[in-house]
Amino acid sequence: MSELAKKSRPQFRNIHVTQLIHYRLPAAGVMSILHRISGAGMFLTLPIVLLFFDWSITSELSYARLMEVFDLTIVKLLLCGLAWAFLHHLLAGIRHLVSDMHIGLAKEQSAAWGKGVLIGGVALSVLAWLKIFGVF
């Protein structure tokens, strides 16, 4: 009986900020964090997207001005970021909808979903980036 009384429970501590670099987050965790970041990024750039949309439908002159703005490298980089945010958010959202149906919740399946979303988001984004920069 004394051995059971001496046995202490394991202590769980929070990770300190300096340990975050060395913490190994699973692919599903990285995907989930990036899902939040991509959603916030799309939300914060919504006024710019709405301005671009307004310019595209107002008149021929404003559309021509928009095409000049789209030739700027900084705007192309912004569009590349938005393309990644949209595509990653879309794929991660599909993953979340599937998990809401209780599909793919096992540890191995969740890791595979996480890797698939990360790789798929980057692959589709590269195609969008090539289109934005006029490679094809």
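Values reported hereafter were calculated over all heavy atoms of this structure, with side chains retained and with hydrogens, waters and symmetry mates removed.
- Hydrophobic clustering (ILVMFWY, side-chain heavy atoms < 4.5 Å, transitive): Val135 and Val126 are in one cluster.
- The closest side-chain donor-acceptor pair between Arg95 and Ser32, if any, does not fall under 3.5 angstrom.
- A 4.5 Å side-chain heavy-atom check between Val69 and Trp55 finds at least one atom pair inside the cut-off.
- Remark: Ile94 CD1 to Ser99 OG distance equals 12.0 Å, nearest 0.5 Å.
- Atom NZ of Lys76 is separated from atom CG of Leu72 by 9.0 Å, given to the nearest 0.5 angstrom.
- Partners of Phe53 according to the ring pair (Phe, Tyr, Trp, His ring centres under 6.0 Å) rule, which considers only residues two or more places apart in sequence or in another chain, do not exist here.
- To the nearest 0.5 Å, the span separating NZ on Lys107 from CG on Leu105 amounts to 14.5 Å.
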Run the side chain to side chain contact (heavy atoms under 4.5 Å, CB included) check on Ile57 and Tyr63 step by step: do they pass?
CA-CA 7 Å; Ile57 62 172; Tyr63 180 78; over 6 Å; no
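- At most 12 heavy atoms of other shown residues, nucleotides or ligands fall within 6.0 angstrom of atom CZ in Arg36.
- Taking NE2 of His35 as the start and CG of Leu90 as the end, the distance is 10.0 Å to the nearest 0.5 Å.
- The distance from atom SG of Cys80 to atom CD1 of Ile132, rounded to the nearest 0.5 Å, is 4.0 Å.
- Between Ala27 and Ala111 the shortest heavy-atom distance is CB-O, 4.1 Å.
- Nearest heavy atom pair, residue Met31 against residue Leu118, reads CA-CD2, 4.1 Å.
- Side-chain heavy atoms closer than 4.5 Å link hydrophobic residues (I, L, V, M, F, W, Y) into clusters, and following such links, even through other members, never connects Leu97 to Met101.
- Transitive grouping of hydrophobic side chains (ILVMFWY, heavy atoms separated by less than 4.5 Å) keeps Phe86 and Leu50 in distinct clusters.
- Leu82 places none of its side-chain heavy atoms less than 4.5 Å from the side chain of Ile48.
- Between Trp84 and His88, the ring-plane angle classifies as parallel under the 30° and 60° cut-offs.
- Once rounded to the nearest 0.5 Å, the distance linking CG of Leu66 with CG of Asp54 reads 10.0 Å.
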Step by step, work out the side chain to side chain contact (heavy atoms under 4.5 Å, CB included) result for Leu79 and Phe133.
CA-CA 10 Å; Leu79 291 174; Phe133 279 100; over 6 Å; no
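- Ser110 places no side-chain N or O within 3.5 Å of a backbone atom of Ala106 that could act as its donor or acceptor partner.
- Placement of Ile119 and Leu87 in two distinct hydrophobic clusters is found when ILVMFWY residues are connected by side-chain heavy-atom separations under 4.5 Å, directly or transitively.
- Residues Leu25 and Ile33 form a side-chain contact, since some pair of their non-hydrogen atoms from C-beta on lies under 4.5 Å apart.
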